[in-house]
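Reviewing the structure listed below.
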Amino acid sequence: MSEMIKIFDTTLRDGEQSPGASMNIEEKIKIAKQLEKLGVDIIEAGFAASSPGDFEAIERISEVVKSSTICSLCRAIDKDILAAANALKKANSKRIHTFIATSPIHMEYKLKMKPNEVIKRAVNSIAYAKSLVDDVQFSCEDASRSDIGFLKEILAAAIEAGANTLNLPDTVGYVLPSEMGKIIKEISDFVGTRATLSVHCHNDLGLAVVNSIYGIQNGARQVECTINGLGERAGNTALEEVVMILKTRKDLFEGFDNRIKTQEIYPSSKLVADITGIKPQPNKAIVGQNAFAHESGIHQDGMLKNPETYEIMKPSDIGIIQANTLVLGKHSGRAAFKDKIKVLGFSVSEEELNAAFERFKILCDSKKQIFDDDIRAILNEETTHIPQIFSLELTQISANSSGKYCAALSIKRDGIEYSDCALGNGSVDSILKSIDRITGMRGNLKDYQVEALSSGKDAIAKVVVKVEFEEGKPAIIGHGIDIDTMNATAKAYICALNSYLSMKDLITDKTGTMCL
Ligand code: KIV
Ligand code: ZN
């Protein structure tokens with residue numbers, strides 16, 4: 001029988017720590033459901049004690065995701081562990097993940113604790129977590145720069161206290177693959193079958209994936225990763241790369257298996273990129289837009305003769321159906337639309353289907369050719385239930401002779417329409433100022449991205465904004481799609497505002513929560 005490699009996804013926790021990727025709870029739920037569909041074994045849904053928003057996200061994900069284990073991170077502190085257990089109450093299968101730093105530099109300067117005090121704290125926390133749930137994971141933060149003798153000492157104590165999984169992070173992305181392999185081999189021989197060994201690698205030197213692979217080859221049976229390699233600084237191990245290495249080089253990983261349905265990789269990558277506004281670089285392995293594009297004539301010739309000449313994986317292996325196919329048009333009916341939704345991998349309620357179909361029909365009036373990505377964008381908006389506190393009714397922009405722009409907008413709240421206008425330096429500035437005047441809010445635009453969803457002069461514009469509504473609090477992401485880029489801009493900004501207002505009391509600055 002094959003030995004299983006567990007895939008532990010931390011897109012919603014370590015991934016969310018990447019700059020500018022703060023997500024709304026509804027968006028996190030959507031990602032969690034997709035991770036479940038992808039076949040992830042453990043979903044680290046957040047850090048319950050870090051903010052009321054994280055707590056609620058873990059609680060809600062625990063209610064809706066039933067075939068993956070749901071996990072919360074916590075420091076080795078009783079109140080964190082209790083918060084994690086409370087947030088996980090409704091999960092079918094739950095895990096508490098507690099950690100403490102074990103490297104000399106972290107213990108001396110960050111924790112200001114002696115090694116024996118660190119062991120004591122770890123043991124107490126694991127034992128407390130174990131009294132609340134069966135499945136406890138313990139991580140030695142900065143393990144790769146820790147003394148191996150000390151690692152053995154603390155891990156033996158952790159096993160004794162009840163830890164089932166022992167995770168060795170390369171927190172600062174420092175070690176080389178050969179070093180990682182050596183550490184994991186020595187610890188694996190030491191731990192034996194007493195616990196599952198896990199690796200968690202950061203990508204500061206571009207080695208996160210290869211270090212994780214060396215981890216597996218030397219005894220790790222759990223890999224921690226994120227979709228698109230999202231994460232703090234240079235990111236974490238990319239889930240899609242590890243999984244496709246295991247699949248493509250099955251010859252070297254004979255006897256190993258995992259639960260990932262690789263056809264869900266591309267939809268997962270797209271969803272995370274759409275929600276966070278962080279797109280993989282075009283040449284990113286597996287999910288980059290050029291990952292399967294063969295430009296050179298020699299390659300194309302070889303591919304036509306036999307795809308295996310230059311292709312080690314098929315686009316369909318990761319769920320790419322066909323790049324941006326022309327799909328439906330003005331005369332397509334509801335049944336064809338419903339069918340297309342299914343092919344694109346969405347499962348929607350009747351209400352969501354009706355709303356999406358209505359938007360599709362409106363789109364058909366202004367755009368002749370509708371592509372897969374257009375449909376995907378509509379569905380993503382219709383299936384993310386951010387409360388519509390404000391909604392855009394009308395946008396009118398004009399430029400005057402002094403080079404100033406004037407935007408007049410109408411926005412609805414509780415069925416009442418409010419209108420106002422503002423002058424600005426350019427159309428975006430005037431639109432956002434006008435929204436601020438109408439809503440009485442003042443957002444600070446931190447990031448603005450616009451892209452065409454498909455080809456053609458009449459392609460739909462997708463705008464993603466990141467807006468800070470309160471100084472020192474994380475910026476909030478907003479999305480808007482429209483044939484008109486300025487309408488998409490207004491919608492994206494209003495979306496960020498709605499997202500902010502719907503979770504205002506749940507957002508806190510997480511800075512500082514990562515230290516003991
Ligand atoms: O990188 C790290 O050390 C972590 C731990 C908290 C698991 O993310
Ligand atoms: Zn990490």
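Start at 1 and go down the list; that is how both ligands and their atoms are numbered.
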Handout entry: Protein N, O or S atoms lying under 2.8 Å from the Zn ion (ligand 2), listed by chain and number
Key = Asp14 OD2, His200 NE2, His202 NE2

Practice task
For the pair Arg13 and Glu224, find out whether any cationic side-chain nitrogen is under 4.0 Å from an anionic carboxylate oxygen.
Solution key: no

Handout entry: Carboxylate-amine/guanidinium proximity below 4.0 Å for Glu381 and Lys491
Key = no

Handout entry: Contact (N/O only, under 3.5 Å) between Asp142 and ligand 1
Key = no

Completion exercise
Closest non-hydrogen contact found for Thr237 with Cys225 is O-CB, 3.1 Å

Handout entry: Those atoms of ligand 1 less than 4.0 Å from some heavy atom in His202
Key = 1 (O)

Completion exercise
Quick note on ligand 1: atoms under 4.0 Å from a heavy atom of Thr171 include exactly 1 (O), 2 (C), 3 (O)

Completion exercise
Quick note on ligand 1: atoms under 4.0 Å from a heavy atom of Pro169 include exactly 2 (C), 3 (O)

Practice task
Pick whichever of Phe138, Phe99, Phe47 has a heavy atom sitting closest to atom 6 (C) of ligand 1.
Solution key: Phe99

Exercise for the section: Please state whether Glu232 comes within less than 4.0 angstrom of ligand 1, counting heavy atoms only. Expected result: no

Problem - Set of side-chain hydrogen bond (donor to acceptor under 3.5 Å, both in side chains) partners for Asp135, sequence neighbours left out - result: Arg95

Practice task
Go through ligand 1 atom by atom and flag the ones less than 4.0 Å from a non-hydrogen atom of Glu141.
Solution key: 3 (O)

Completion exercise
On a heavy-atom basis, the closest approach of Asn203 and Ala208 is OD1-N, 3.0 Å

Practice task
Using a 4.0 Å heavy-atom cut-off, say whether Arg13 meets ligand 1 through its side chain, its backbone, both or neither.
Solution key: side chain

Exercise for the section: Over all heavy atoms of both residues, which pair between Leu344 and Arg376 is shortest? Give the atoms and the distance, please. Expected result: CD2-NH2, 3.7 Å

Exercise for the section: Could you tell me whether Glu241 and Lys284 have a side-chain N and a carboxylate O separated by less than 4.0 Å? Expected result: yes

Problem - Residue pair Leu111 / Ala101: nearest heavy atoms and the distance that separates them - result: CD1-O, 3.6 Å

Practice task
Output yes when the distance from some N or O of ligand 1 to some N or O of His200 is under 3.5 Å, and no in every other case.
Solution key: yes

Problem - Salt bridge Asp54-Lys28, side-chain N to carboxylate O under 4.0 Å - result: yes

Practice task
Tell me, please: is His97 in heavy-atom contact with ligand 1, that is, under 4.0 Å?
Solution key: yes

Completion exercise
Heavy atoms of Leu239 and Asp9 approach each other most closely as CD1-OD2, 3.7 Å

Handout entry: Residue Asp14 vicinity, atoms of ligand 1 by number, heavy atom under 4.0 Å
Key = 8 (O)

Handout entry: Exercise: identify the closest heavy-atom pair between Ala492 and Gly480
Key = CB-N, 3.5 Å

